[in-house]
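Since the model is a prediction, treat every value here as computed from it, not as a measurement.
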Amino acid sequence: MSRRIEWRSKGEGHSALVTVDGETNLVTYVWPAGTELITNFLNKMDRLTSSDELSVGVHDTDPESFGMLIMARSEDGDVVTVEPQRYWESIGFFFRDHGIDPHPYTRAQ
């Protein structure tokens, strides 16, 4: 695995998406996580793999310094791992508590 993108959190409202080099296990890019970026991470991942323009370059940083792992995906979009309790708590915080859905094709009835 060359790179993976991880959703990490230090608590409610303190999440980040980080790109981790698969060989060194060090963070190379970080994005402050917001509703729009998390939606992209959960669905298409096009903003995270086709362009690094939104990210801040970080080098030689341990992924755990960005908090606990919620979910990780490969560059190809495959889910590598997910921590179910943290995942659903974070979905609640970013989406459900605000009455929105993380899937862009869901429409209000």
Q: Roughly how far apart are Met45 CE and Asp78 CG, rounded to 0.5 Å?
A: 9.0 Å

Q: Are Arg86 and Met71 close enough, and set up right, to give a side-chain contact (heavy atoms from CB on, under 4.5 Å), and what steps lead you there?
A: CA-CA 9 Å; Arg86 289 185 208 134; Met71 182 178 178; over 6 Å; no

Q: Could I get the full list of side-chain hydrogen bond (donor to acceptor under 3.5 Å, both in side chains) partners for Ser9, not counting sequence neighbours?
A: Ser15

Q: How far does OG1 of Thr19 sit from CG of Leu26, to the nearest 0.5 angstrom?
A: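 Those atoms lie 12.5 Å apart.
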
Q: Which atoms form the tightest heavy-atom contact between Gly67 and Arg8, and what is the distance?
A: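 Closest pair (atom of Gly67, atom of Arg8, distance): O-NH1, 2.7 Å.
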
Q: What distance do Asp76 atom CG and Arg4 atom CZ have between them, rounded to the nearest 0.5 Å?
A: 14.0 Å

Q: Specify the closest pair of heavy atoms between Glu75 and Ser2, including all atoms of both residues, with the distance to one decimal.
A: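 Minimum heavy-atom contact is OE1-OG, 2.7 Å.
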
Q: Just by modelled atom types, is the Glu64 backbone N or O under 3.5 Å from a matching donor or acceptor in the Asp62 side chain?
A: yes

Q: Return the set of residues passing side-chain contact (heavy atoms from CB on, under 4.5 Å) with Thr81 (not counting sequence neighbours), or none when no residue passes.
A: Leu69, Ala72, Glu83

Q: Looking at every heavy atom in both Ala33 and Ile38, which two are closest together, and how far apart are they?
A: CB-CD1, 3.7 Å

Q: Show your working on side-chain contact (heavy atoms from CB on, under 4.5 Å) between Phe95 and Leu42 and close with a plain yes or no.
A: CA-CA 12 Å; Phe95 302 101; Leu42 295 173; 4.3 Å; yes

Q: Would Leu37 and Phe94 satisfy side-chain contact (heavy atoms from CB on, under 4.5 Å), going step by step from the backbone distance to the final call?
A: CA-CA 11 Å; Leu37 200 59; Phe94 278 100; over 6 Å; no

Q: Nearest 0.5 Å, what's the CZ-OG1 distance between Phe93 and Thr35?
A: 8.0 Å

Q: Is it the case that the side chain of Lys44 and the backbone of Thr39 share a donor-acceptor pair, with hydrogens and angles ignored and the cut-off at 3.5 Å?
A: no

Q: Determine, using the 4.5 Å side-chain heavy-atom cutoff (strictly less than), whether Val80 and Met68 are members of one ILVMFWY cluster.
A: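 No.
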
Q: Passes side-chain contact (heavy atoms from CB on, under 4.5 Å), Val30 versus Thr61? Steps please.
A: CA-CA 10 Å; Val30 61; Thr61 306; over 6 Å; no

